[in-house]
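Throughout, a chain's letter reflects where its sequence line sits, starting with A, and its residues are numbered from 1.
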There are 2 protein chains.
Amino acid sequence: MDRERLIDEILMLLPVLARGLGRPDPSEAGKLARRGIPVDPTLSPGHVQVLIALGRGPHSIGRLAEAVGVSPPAASQLVDRLAEHGMVERRPDPTDRRVVQVDYVPGMQDIARRMMEGRSRKLREALGRMTDDEARALLKGLKLLVESFEGAHGEEKHGSHR
Amino acid sequence: MDRERLIDEILMLLPVLARGLGRPDPSEAGKLARRGIPVDPTLSPGHVQVLIALGRGPHSIGRLAEAVGVSPPAASQLVDRLAEHGMVERRPDPTDRRVVQVDYVPGMQDIARRMMEGRSRKLREALGRMTDDEARALLKGLKLLVESFEGAHGEEKHGSHR
DNA sequence: AAATTACATTTAAGTAATTTAAATAAATAG
DNA sequence: CTATTTATTTAAATTACTTAAATGTAATTT
């Protein structure tokens, strides 16, 4: 298949995927509801990212913002919501009192993991239809894509045309 | 690398990518401005998708909504904006007067293509660092992902979606 | 040690995208 | 001809995100 054709297809596919990921499905909320956690407000992709990031240990708001790819205020708001629902908590950093460390509420790590099980399952399912090489190539491609599209946004100046 | 690890990484990566795609860069607007088309409002990923979709021929609002992955009202609004800017136009369907066909304004196809050149360039750049096999695997993976995540959304309550 | 500067987080305000529900108009079925 | 279904649009409301300004703490300078 022609490279240009590939580019066209991917260009069309990416936003579709982006939208699909943007809508957490009800089954995720259901998992929480069964544990008495109110879930009226929906769970945005940002919230999901925070939960994933915390799987690698506690994060400060700043590091969380960086990991998620949003501004610090946005990260703070994401944590607000998750905290309201009793999923994460803020803890003061003993070494620097400006800093707030965010972590799962004790016992929540497991629940958070399960809550994302729906997403993981879909992904696992998709990967199940690919060979190891293809799966690796997918990850590589996604990383390159992120790199290309992220790095290019602040840069606009060189022609100084506009 | 472990599959589970891959899943985690991709789960974290996808929303980052989604955000990156969400912000059209200013150079695209510049291309239009030079042709006297006012571009004060920014061009969202949805608009870009519409322009790409029209590359495959005229679409009704409904088909456009489906292609882009949004509700029909949203598609209608996307077309509103693109039409205001003189890039696309609505045309009555001779065979069914409820239907509106959307197409490029004559001569605009070329410009639309060029306008997305920035995006294509980034993508081409990323693909440039991959082998043919890897690139193909990326497309395959993206398609599978879209399929998994799209099909699964109405599914929670039995059937009866939209 | 006091004052200034830098930093992490939060609060506040505003913008843009997208959804659901209701309205309009045309086609089709009985 | 009337009733129902389908395509699109209008309207209202929700949500996520951004920048700018405020607060409290740390580091640095004098």
**Request:** Verify the contact: side-chain N or O of A:Arg97 to OP1 or OP2 of C:dT9, cut-off strictly under 4.0 Å; return yes or no.
**Result:** no

**Prompt:** Between A:Glu4 and B:Arg124, is the closest basic N to carboxylate O distance under 4.0 Å?
**Reply:** yes

**Prompt:** Whole-Å distance between C:dT11 P and A:Arg81 CZ?
**Reply:** 15 Å

**Prompt:** Which whole-number value in Å describes the distance from B:Arg63 CZ to D:dT6 C1'?
**Reply:** 16 Å

**Fill in**
Whole-Å distance, A:Ile61 CD1 to D:dT23 C1', equals 15 Å

**Request:** Would you mind telling me which residue lines up with the more 5' stretch of DNA chain D, A:Gln77 or A:Asp96, judged by nearest nucleotide?
**Result:** A:Gln77

**Any A:Arg90 side-chain N or O less than 4.0 Å from OP1/OP2 of C:dT9** = no

**Nucleotide nearest B:Leu78 when distance is taken to its side chain, options D:dT9, C:dT18, D:dC17** = C:dT18

**Between D:dT6 (P) and B:Asp93 (CG): distance, integer Å** = 17 Å

**Request:** Output yes when A:Arg98 and A:Asp93 qualify as a salt bridge under the 4.0 Å nitrogen-oxygen rule, no when they do not.
**Result:** no

**Residue mapping more 5' on DNA chain D - nearest nucleotide basis, A:Ala74 or A:Arg98** = A:Ala74

**Asked** Is there a donor-acceptor contact under 3.5 Å from the side chain of B:Glu134 to the main chain of B:Thr131?
**Response** yes

**Request:** Could you tell me whether the side chain of A:Tyr104 and the main chain of A:Gly57 form a donor-acceptor pair under 3.5 Å?
**Result:** no

**Request:** Using atom CG of B:Leu64 as one end and atom C1' of D:dT8 as the other, report the distance to the nearest whole Å.
**Result:** 13 Å

**Message:** From CG of B:Asp80 over to P of C:dT18, roughly how many Å is that when rounded to an integer?
**Reply:** 14 Å

**Fill in**
C:dA23 -> Watson-Crick or G-U wobble partner, both distances under 3.5 Å, gives D:dT8

**Item:** B:Ser76 vs D:dT9: side-chain N/O to OP1/OP2 distance below 4.0 Å
**Value:** yes

**Prompt:** Is there a donor-acceptor pair closer than 3.5 Å between any side-chain N or O of B:Arg3 and the backbone N or O of A:Leu127?
**Reply:** yes

**Fill in**
Atom CD of A:Gln49 and atom C1' of D:dC17 are separated, to the nearest Å, by 13 Å

**Nearest to side-chain heavy atoms of A:Val100, which nucleotide of D:dA16, D:dT8, C:dT10** = C:dT10

**Request:** Mind listing the closest non-hydrogen atom pair of A:Glu89 and A:Pro106 along with its distance?
**Result:** OE2-CD, 3.9 Å

**Message:** Around atom CZ of A:Arg90, are there more than 12 heavy atoms from other residues, nucleotides or ligands closer than 6.0 Å?
**Reply:** yes

**Request:** Compare side-chain N and O positions of B:Ser71 against OP1 and OP2 of C:dT18 and report whether any pair is under 4.0 Å apart.
**Result:** no

**Request:** Could you list by number each residue of residues 53-60 of chain A showing a heavy-atom separation from DNA chain C of less than 4.0 Å, or answer none if no residue does?
**Result:** A:Ser60

